[in-house]
Amino acid sequence: MVYEPGAIDAALAAAVGDEPMLIAELRVAFLESVRRGLHGLESASGEAEWEKAAWRLRGLAASFGAVRLMAIATEAAESDAHDPALMRRLRRAVDRL
């Protein structure tokens, strides 16, 4: 799956219309939520907590059209907790947002 560069801004524009300042504020809020979601994965204390955090991050990514992050979060939900390679991919996907 490929991340469409304008997908997040398009999703925000569809929700709030042509309000560049509001779109910018919501984008910042989205990125903060994604970082909190990533932190939730990093600090998960067991498989159940890991899976819950991964599904939460996937839902957030799906809501805003962050397809690459959504795909990796889905993979995380179905994988062992704290897989180092998977965590690197998640961090990279978040950094690309």
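Residue numbers count from 1 along this sequence.
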Notebook entry, point to check: Where do Ala61 and Met70 come nearest, in terms of heavy atoms and distance?
Noted result: CB-N, 3.6 Å
Next item on the list: Of all the heavy-atom pairs spanning Leu41 and Ala54, show the shortest one and how long it is.
Entry: CD2-N, 3.6 Å
Notebook entry, point to check: Would Arg58 and Glu78 pass as an ion pair if we require N to O under 4.0 Å?
Noted result: no
Notebook entry, point to check: Short question: side chain of His82, backbone of Ala44 - any donor-acceptor pair under 3.5 Å?
Noted result: yes
Next item on the list: Quick one: pull up CD in Glu19 and CG in Leu26 and give me the separation to the nearest 0.5 Å.
Entry: 10.5 Å
Check: Does atom CG of Asp95 have more than 12 heavy-atom neighbours, drawn from other residues, nucleotides or ligands, at distances under 6.0 Å?
Finding: yes
Check: Do Ile72 and Arg92 come close enough that some side-chain heavy atom pair is under 4.5 Å?
Finding: no
Item checked: Steps toward side-chain contact (heavy atoms from CB on, under 4.5 Å) verdict (Arg91, Glu42) -> CA-CA 10 Å; Arg91 287 185 196 103; Glu42 292 169 336; 3.0 Å; yes
Next item on the list: Please report the shortest heavy-atom distance between Gly37 and Leu57, naming the atom on each side.
Entry: CA-CD1, 4.3 Å
Notebook entry, point to check: Looking at side-chain heavy atoms only, is the closest gap between Leu60 and Leu69 below 4.5 Å?
Noted result: no
Check: So does His39 have more than 12 non-hydrogen atoms from other groups sitting under 6.0 Å from NE2?
Finding: no
Check: Do Glu49 and Ser45 have side-chain N/O donor and acceptor atoms under 3.5 Å apart?
Finding: yes
Notebook entry, point to check: With no hydrogens and no angle check, is any side-chain donor or acceptor of Glu47 less than 3.5 Å from a backbone partner on Ala81?
Noted result: yes
Note to self: Would you say Trp55 ends up clustered with Val94 if hydrophobic residues are merged whenever their side chains have heavy atoms under 4.5 Å apart, either directly or through other cluster members?
What the structure shows: no
Notebook entry, point to check: Between Val34 and Phe64, does a side-chain contact (heavy atoms from CB on, under 4.5 Å) hold up when you go through it step by step?
Noted result: CA-CA 11 Å; Val34 166; Phe64 289 88; over 6 Å; no
Next item on the list: To the nearest 0.5 Å, tell me how far Ser63 OG sits from Phe30 CZ.
Entry: 8.5 Å
Checklist line | Exam field: side chain Asp80 to backbone Asp83, donor-acceptor pair closer than 3.5 Å | finding: no
Checklist line | Ala66 versus Leu97, closest heavy-atom pair with distance | finding: CB-CD2, 4.0 Å
Note to self: Before you tell me yes or no, could you show the steps for Glu25 and Val28 under side-chain contact (heavy atoms from CB on, under 4.5 Å), namely the whole-Å CA-CA distance, both residues' side-chain angles and the distance that decides it to 0.1 Å?
What the structure shows: CA-CA 5 Å; Glu25 287 177 32; Val28 168; 5.8 Å; no
